[in-house]
Trainee: 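Sending over a structure as structure tokens; questions will come in a sec.
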Amino acid sequence: MTDLTTDVRVTYPEFSLDVSHTFPGQGITALFGPSGCGKSTLLRVIAGFERTASGRISFGDELWLGEQSFLPPHRRGVGYVFQDARLFPHLTVRGNLEYAHKRAADLPTRYSFDDVIDVLDLAPLLNRRAPRLSGGEKQRVAIGRTLLARPRLLLMDEPLAALDTRRKGEIMPYIRRLPNAFGVPVIYVTHALEEVTQLCDRIVALSEGRLAATGGVAETLERLDLADVQGRFEAGTVLTGRIVAQDKALHLSRVDLGGAHFEVPQIGLAAGEEVRLRVRARDVSLALARPEGMSIRNILDVRVLGIESEPTTAFAEVLLDVAGQHLRARVTRAAIADLGLRKGQTVVALVKAVSFDRQALPREKRKA
Amino acid sequence: MELPDLGPLWLTIRLAAVTTLILLVIGTPIAWWLAFTRSRLKSVVEAVTALPLVLPPTVLGFYLLVFLSPNSAFGGFWLAATGTTLTFSFTGLIVASALYSLPFMVQPLQGAFEGVGRAPLEAAASLRASPRDAFFSVAAPMALRGYLTATVLTFAHTIGEFGVVLMVGGNIPGRTKVVSIQIYEEVETINYAAAHSLAAILLVFSFSVLLAVYTFNRRFPVHVG
């Protein structure tokens with residue numbers, strides 16, 4: 001397990017990047033932020049594609065970038081999955097895969113050519129020409145090709161951005177399996193929160209070329225100061241729970257958050273499976289007492305941990321504790337004044353809707 | 001009908017073939033550099049390589065004659081090193097043709113390399129291919145059509161050259177008398193039959209080559225996209 005240590009700067013006329021961070025050599029790290037925040041540039045710097053980058057990059061004991069040294073991209077052993085797949089148009093799918101396989105033939109490996117074909121279901125595509133594939137198929141081949149080059153670190157640059165929702169759902173399980181199945185750590189660039197919550201183990205959030213926040217997915221996403229990175233509209237928190245009951249007739253699943261319970265549209269997983277639910281701040285309302293006769297079924301006892309008013313808008317964000325996990329509510333400042341909300345107060349949170357993907361992946365159980 | 005002397009025809013084809021081979025080797029790195037450089041010198045180099053397109057062949061021929069003559073530094077060095085002169089020799093013709101046809105090799109290749117772009121080369125590098133490996137395994141195959149066009153244009157253009165050859169090479173049979181010069185001579189001496197035969201051969205040959213290339217390009221389009 002080899003860590004990647006970066007302390008790099010890139011300066012363009014309109015934009016500068018200055019990031020110092022150590023990426024752990026396991027799991028999937030999301031490199032997250034809005035368009036133009038520098039996340040793709042940082043990925044390209046790590047790969048060695050940005051020659052103007054200065055600073056220092058080391059992978060274990062190996063120096064990739066230093067004051068006097070620059071290790072060219074092809075000697076870094078870094079795999080790169082591009083947003084646009086970049087399959088070689090003059091080769092078939094098999095030709096593309098063998099291109100990588102041949103160039104890594106002498107390297108020690110945990111998996112064979114056929115393993116990659118199997119895991120990514122590439123067998124039916126092998127004799128097709130790359131330009132004739134659909135977007136989703138191209139991306140699967142690109143991931144397979146990259147794996148066959150036996151990378152020590154896999155960089156993925158918004159690999160799902162060009163795909164529609166259904167294709168995304170098809171490919172996400174494959175990506176989720178990469179670190180365990182192939183023993184390669186992944187740095188995953190995205191601006192889609194959904195991909196972060198479904199796929200990633202930790203977040204490195206960038207804003208205007210600087211680190212904005214780093215840490216585990218749930219705790220980083222709920223930090224109030226991250227709101228500007230996510231955009232107010234999408235701001236929310238991630239709750240981890242376990243399915244305790246399924247109501248097949250009403251198509252509902254009951255999720256235990258460790259004391260508090262959530263009722264959500266049915267998730268296609270067995271009882272006992274762990275799930276992540278993302279709750280947007282704008283879907284959470286607050287009340288002083290449990291209301292009667294309401295359509296909203298998720299009514300949770302919560303404690304106010306903090307209130308952040310926005311002086312320039314009508315709104316405020318309230319950070320809440322629910323059974324030891326965090327929830328955020330976006331309400332008007334007027335409502336806070338009327339209810340007399342204070343830090344430490346116990347109130348009731350009403351959750352209108354919970355967003356999660358129907359193809360949401362079960363979190364793989366951590367080996368204890 | 002009296003058959004014309006075919007010696008100049010073979011000489012012409014030899015000259016065109018050697019020139020094309022040399023330009024493939026020299027033109028590739030120049031075109032590559034022009035396609036990918038961000039240097040401010042790019043415009044200068046582009047202008048220099050395009051000069052033979054606009055200069056009258058006599059201007060180019062005149063400077064080459066001066067540059068290659070045994071009295072010049074380069075021509076003198078060549079004479080000392082090899083014992084032969086560059087002017088009025090086959091070697092001198094090759095040097096002149098290579099310069100004269102340079103844009104016909106460089107410009108299609110530059111366009112083809114720009115069409116390939118950096119993206120596939122980055123992909124190749126991420127798959128452990130060295131830059132040299134990536135050139136031969138990705139860039140060159142993807143630029144195949146550009147290579148075909150450049151090769152044919154260079155070859156055909158060299159066959160058609162006249163002014164530069166006349167200035168630098170003269171018309172020594174078997175050494176520098178190429179077919180275009182022979183046709184000129186036949187016309188000068190009012191030997192229209194021989195001029196007709198040679199001109200017809202050249203016309204049919206050039207048309208066949210171009211037709212073959214365009215047909216090939218239509219039938220086997222390089223897949224890009």
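Worth saying up front: this structure is predicted, and the values here are computed from it rather than measured. Protein chains get the first letters and strands the later ones, always in sequence-line order, with residue 1 at the start of each.
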Trainee: Using 0.5 Å steps for rounding, measure from the CZ atom of Arg103(A) to the OG atom of Ser130(B).
Mentor: 8.0 Å
Trainee: Please classify the contact between Leu153(A) and chain B as side chain, backbone, both or neither, with a heavy-atom cut-off of under 4.5 Å.
Mentor: neither
Trainee: Among Arg145(A), Arg150(A), Arg75(A), Lys102(A), single out the residue with the greatest number of heavy-atom pairs under 4.5 Å to chain B.
Mentor: Arg145(A)
Trainee: Would you name the heavy atoms of Met142(B) and Pro89(A) that are closest together and state the gap between them?
Mentor: CE-CG, 3.5 Å
Trainee: Got more than 12 heavy atoms from elsewhere within 6.0 Å of CG, Asp106(A)?
Mentor: no
Trainee: Looking at chain B, which one of His101(A), Arg86(A), His74(A) has the largest number of heavy-atom pairs inside 4.5 Å, strictly under?
Mentor: His74(A)
Trainee: List the atom of Phe88(A), the atom of Pro120(B), and the distance in Å for their closest heavy-atom pair.
Mentor: CE2-O, 3.5 Å
Trainee: Tell me whether Phe70(A) at atom CZ has more than 12 heavy atoms from other residues, nucleotides or ligands lying less than 6.0 Å away.
Mentor: yes
Trainee: Answer yes or no: are there more than 12 heavy-atom neighbours, outside Tyr63(B) itself, under 6.0 Å from its atom OH?
Mentor: no
Trainee: Can you give me the closest heavy-atom contact between Thr146(A) and Leu127(B), atom names plus distance?
Mentor: CA-CD2, 4.0 Å
Trainee: Crowded around Phe15(A) CZ? As in, over 12 foreign heavy atoms under 6.0 Å?
Mentor: yes
Trainee: Do other residues, nucleotides or ligands put more than 12 heavy atoms under 6.0 Å from the CZ atom of Arg56(A)?
Mentor: no
Trainee: Checking heavy atoms, do the side chain of Pro73(A), its backbone, both or neither come under 4.5 Å from chain B?
Mentor: both
Trainee: Could you tell me which non-hydrogen atom of Ala123(B) sits nearest to which non-hydrogen atom of Phe82(A), and how far apart they are?
Mentor: CA-CE1, 3.6 Å
Trainee: Please find the pair of heavy atoms, one from Ser137(B) and one from Tyr99(A), that lie closest to each other, and give the distance.
Mentor: OG-OH, 2.5 Å
Trainee: Just checking Phe90(B): does its CZ atom have more than 12 heavy atoms from other residues, nucleotides or ligands closer to it than 6.0 angstrom?
Mentor: yes
